[in-house]
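Values below: every heavy atom of this structure, side chains too, minus hydrogens, waters and symmetry copies. Proteins come first, then strands; the chains are lettered A, B, ... in the order of their sequence lines, and each starts at number 1.
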Amino acid sequence: MAENGSVQGATIYAVEEYSVHEEPYYLPIGDEVQLFETAYRQRIPVLLKGPTGAGKTRFVEYMAYRLGRPMMKISSRTGEEVEHRMPLITVACHEDLTASDLVGRYLLDTDGTRWVDGPLTRAVKVGAICYLDEVVEARKDTTVLIHPLTDYRRLLPIEKLGQVIEAAEGFLLVISYNPGYQSALKDLKHSTRQRFIAIEFNYPPREAEAQIIAHESGCDERTAMDLARLGEKVRNLKEHGLGEGVSTRLLVYAGRLIAEGIPPRRACQVAITWALTDDSEVQRSIEEVVTSIFE
Amino acid sequence: MSIVTELLARHQERLSGFPAPLGQQFEAGLRSLAGRLTPSQLQAWAETGMELTALSLRSWEAAVEYFKAGSAYPPQATWDTIETVGRDALQMAAESAPLAVAFLRAAPAAIGTVGPGNVHAWAELGRRLYKGNWKSSSLAAQFYEVTPELFRVLRIGQASRLIIFVDELARHSYELASACLAAAPAVLGRLEEDDRLPFVTFATELAQSSWADSRLYFDRGVPLLEKVHAPLRERFLLLAAQSARGHHQRSAFQYFEDAANALGELEPTDHQQVIMLAEQLAPYSPFAAMDFLTVMPTVLGRIRIDELEAWQQAGLRILQTSTEGGEAYFRLQSTRAEDILENLSARVELSRVGEVLRLYCKALTGRNVSIQTAESLAEKGIGWVDEHRASTDGTTIFLPELMERFPSKDDNFAAMKVFATHQAAHIEFGSFTFEFDRPGAIFPTRRHAFMRDRERPATTDMEAFFDLFPDRQLASDLFTIAEDARIDARVKDEYGGIRRQLVRMQAEELERRPPVEALPLRNAFVENLVRASLDGFHLVRWPRDRADTMSRALGILAAVQRPGATVEDAAEAALALYELAISIPNILEDLDPADWDAVEPMEPGQAMPMDAAGEGGAQGSQAQLGGGAEGEEEYESPQEIDFRGDFKPELVDLLMKLRENAQGGQAGQQQTMPLTPEQLAELLAKSVEIDLDAMDEGDLDASTGMFLSNLMKEAGTPASEKGEQGGQPTSDNSTGEGEGEEPLKPVVTVYYYDEWDFRAQDYKPRWCAVKEAKLEEGDEGFYEKALHEHAGLVAQTRKQFELMKPEMFRKIKRLPDGEDFDLDSAIEWMVEKRAGANPTEKIYWRRNKIERDVAVAFLIDMSASTDEEINKRDKKYDDDDYDDDPRKYLSWWVSKRRQELTSPPKRIIDLEKESTVLLMTALETIGDQYGIYGFSGYGRDNVEFFVIKDFDETLDEKIKHRLDKITPIRSTRMGPAIRHATYKLMQTDAKVKILFLLSDGRPQDHGYGRDRTEKEYAIHDTKQALNEAKREGITPFALTVDRAGHDYLKTMCEDMGYEVVADIESLPSRLPTLYRRLTE
């Protein structure tokens, strides 16, 4: 089943065999690391709330890496010693994502049909952290799967095969959702909600954000500070023509452009102003904030 | 026998038949002329006279005048002249004796004024006016009578033009012609020689196009013309004359008057250029030329005269391709004209950049600040008086309306931005959050040591602070300097990008400072601090022997500019500076300029008195702050600094306190004691920030009272978020929202929309005012009654709509990927595969979610025409059900009559209403968002938009009552109503947006087109409005009950959906069906 290989420089993994190799950079803002570790020990599913680009995904990666240490060495089928890290399966949910997309389906084969496990099934089997990003986007039938997996049962029923899989030891379901831009219609149901502990993510405070920007983009500290300041100011415009405040991710992009020698005002224009909105009036306003902060 | 006697004798007999004067005058004339005419000439003269007597019954009267003239001819009258007079008189007398009389009476004198050579021409002028009737004859006679005065100001050629004018006018009104003729000498006499002919030329054109205005022109023309720079009046009149030649809605005089008035507002030196540019337009459209002149005060208010040509050229290019477009351009009724003007103009208008700056300030402060003009703040009458200086009241930032101090737009905007940034920074960096008991971050807290016993606790912390100082003005000035210095420093620190502009502004301000050496010492001290606060430490000048004080003060100021400083530090700095200032006598010292020297600031640590309470506090005795002493110069506040604007911390603090009270009261929290009017009055009396005298002349008590009520009003309305929804329509609430205790007048919100002028192919900017208000509530019975009446239909409609629901999940087959195999397809696949064919891979099915996310705005025509009864419309079909059997006629008639009596005839509007009710029940079933609006109105300033149900309202009793009030009102200006409905729809977040227009005829309104009968303009504007909606992703649909609807709907809706309901009775069933089709 393992289809690890390398095609034209890109490394290909089977989903359950992917794990985070290098320590991702993550700057803890509060006690979220400790909370997550505890939740993992207790196998309590975790809900990450927060706006886009605030570091939810990075946090999960970071935690997967941390939880994978000390690395277990297990022998593979070929007898070689390979490193075992905490596998992390990430599924980005979209509005057409159905239960079968997660569980698996029959595929056609030369001689008939063949069952293929979906990402959730694989995670349950290998005991990975399964991270369903933007979970409210998915169709409602996915909740049927989530519920038995997230209480004491830890079961995944596979209707089409007539099977029930008991989750492997290491399995944990982590979901994320952004309360900001989803409309009231697409709120998370309470029966779902109340199966998770919720960790709230927000944009980091100015100094911390500056530190993150500096680290991630390689720009100088002063620029990083200015970018963080800009982020703070632009976020004040939320709900005024802007659905979301500027994410740390975008600030990092701007920082990278600046670090490579693009003039700061221009970098902010392409990475922040134009990326955020199409409304020319709001663009102009953001631009004025940019020109006030950057020379 | 002399020729005289001979002639007398010859005609004796003939004359005897006439009254005596004839003979007497004949003799007198003969005798008088005998000396200058030859006998044969004299004889000819006499013969002519005799001929005159014979012409008609009363022509002898002319003869009398003829003979009388004989003795009155001036010396320069030759025989030729006299003979001419005679010939002309003969001709005239043949037509009208009185005319000839008037002519002859005036002739002798006229020879002198007209010149002997022009006598015949002059005579002809009068004859031209004569048309064979009595009135014309007296008009002609009047001409001869005014000849002496007239020719004093006119030459013969000019006079002939005047006569053309009078003649033209006489075709319409003899009275008017006569009046103008009578006024002509005086009117023309007031003009310069060269302007008289053009004046008359324009008058002639005017008489042809709008003759009735001639009187106005003669009355007011000259003073109007005098507004035009003298050498250019002729050219101006020629332009005006050209505009009279065309036919237009406005009269030529109106154009003339407006343009002249407009020119009167300009500098005379600009007239040359302006008129020259107008002349270039005239060949294409003289109206455009006149309008161009008329809008000059507005245009030149925004651009410089040397930029004018660029604006005119852009308009000229439009004019050359489209007359309508060009004319609209020069009327300033075109968006392009505005845009080009805006681009050319270097000045920055707050109204244009306000929204950008509002978001900018919101970003900076993180609060919902609004931006308004400084003028509006001054108008509130709550303490701010200067209409041009920036300020803030803590929730709103007030900026000057215009910025035009630099020649480039960018610089002006940058200046505006610096203004805004400074005010925003006051909010961001906490200028208004001063707490008396909170220590600063840099300086030790000393203010408590100076507290004195109070009768009552201070209302605000700011008041408590200023109460420490005997000289409040000085304290206030020092605090302002310290706080502004702190704010500027913070801005420079936090906002690297704006630093440059700020530094530039500071430098400019520094250049404008008054010479410090000429000031009394204490004033000079404060002035130096101002300079230092503007980063002008190097410009501080101070008497060398007092350097220590100044150095210490500068050190304190420098400390306040350090990054961590808070408003409390600024207060401590003000306190320390006050002590220093008061120690300096405010006297003019007799010093040599050389004794004034630069001062180095002291190290802040040294500068500040570090000992918190001095000798006070601990020992119980209080520290004292001094005030000004006797025998000194009056202390005066330093000159203002423009970009920092008006800083009124005490007032803002009070206002915030009042607001807190107002809001706290509403929320039911009892956190603060309410303020008494006495407290307020006392505070006002003390504060130096309020100059009641400047606000209102009048007695102090009255203005204090007014001020208080204004202040309470301002505080009572919590910082409003109204009008913040932005968007293109600017909304201003003309009536505020009531407190809720009484049912007030409906709240009217005004929105402005552009209107499309298809001739100009351009929008008329902000042309229509849409007034939105909730419809009044009517009877409750209507809704239920309508439901009852159409019970069958209601049930049917509901069922239809309920059927739509399950369609939300639909199984879609033959997909390449899906939830599961579709067995049929899978079997097919297998079969084909086995058969060796190449089967399709599409063998999955999946449930596709069709989410219904619809918002619909119904726009109901409430024009007067919907009042029409339906039966009346159908009168001709009335007899259809009568089967021509005379025996049954009576019973048929009786039943028909009874039917009419039991149910009164329905009107179109009734059916519209009932259909709406039906649809509402349907919509409630299916759960779509919907709004129901009615529109009517009269004229562009008054498009009424009635809200029956807004999108965010739920169907309740109130709305059911409102439905009843849908009644025919006035006209149908569809365009703005559609635009406003579009705006409403855009506020919803539905995926599918529908605009459903329900009308009974074509769009029509006062001023919606050239005249009421013109259709194209209104139809095009409506079409454009529908197009705009479409561009926004809205599906428009028009439904009309007008049978002639196909004509215009084809143009109006082009590729959009529309339907004409031929049988109006079917509307209630048709409407829901249509809607269902539209959204399926």
For Glu295(A), does its backbone N or O pair with a side-chain atom of Arg500(B) as donor and acceptor, under 3.5 Å?
no
Distance, nearest 0.5 Å, that separates [atom1] of [X] from [atom2] of [Y]:
{"X": "Leu364(B)", "Y": "Ser285(A)", "atom1": "CG", "atom2": "OG", "value": "11.0 Å"}
{"X": "Lys233(A)", "Y": "Glu494(B)", "atom1": "NZ", "atom2": "CD", "value": "6.5 Å"}
{"X": "Glu287(A)", "Y": "Leu359(B)", "atom1": "CD", "atom2": "CG", "value": "13.5 Å"}
{"X": "Ile293(A)", "Y": "Arg499(B)", "atom1": "CD1", "atom2": "CZ", "value": "12.0 Å"}

Chain A contact via Ile843(B) - which portion, at a heavy-atom distance below 4.5 Å
side chain
Is it the backbone or the side chain of Glu428(B) that comes under 4.5 Å from a heavy atom of chain A, or both, or neither?
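For Glu428(B), side-chain heavy atoms alone lie under 4.5 Å from chain A.
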Arg284(A), part contacting chain B, at a heavy-atom distance under 4.5 Å:
both
Interface moiety of Thr98(A) toward chain B, non-hydrogen atoms closer than 4.5 Å:
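The answer is the side chain of Thr98(A).
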Indicate the atoms forming the closest heavy-atom contact of Tyr106(A) with Phe821(B), along with that distance.
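Looking at all heavy atoms of both residues, the shortest contact is CB-CE1, 3.2 Å.
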When Pro264(A), Ser292(A), Ser100(A) are compared by non-hydrogen pairs under 4.5 Å with chain B, the top option:
Ser292(A)
Name the member of Gly497(B), Gly366(B), Gly496(B), Ala826(B) that forms the most heavy-atom pairs with chain A at distances under 4.5 Å.
Gly497(B)
Distance-only donor-acceptor check, side chains Lys417(B) and Thr291(A), under 3.5 Å
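Yes - a donor-acceptor pair under 3.5 Å links their side chains.
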For atom [atom1] of [X], is the number of surrounding heavy atoms from other residues, nucleotides or ligands below 6.0 Å larger than 12?
{"X": "Arg206(A)", "atom1": "CZ", "result": "yes"}
{"X": "Glu221(A)", "atom1": "CD", "result": "no"}
{"X": "Asp952(B)", "atom1": "CG", "result": "yes"}
{"X": "Glu832(B)", "atom1": "CD", "result": "yes"}
{"X": "Lys842(B)", "atom1": "NZ", "result": "no"}

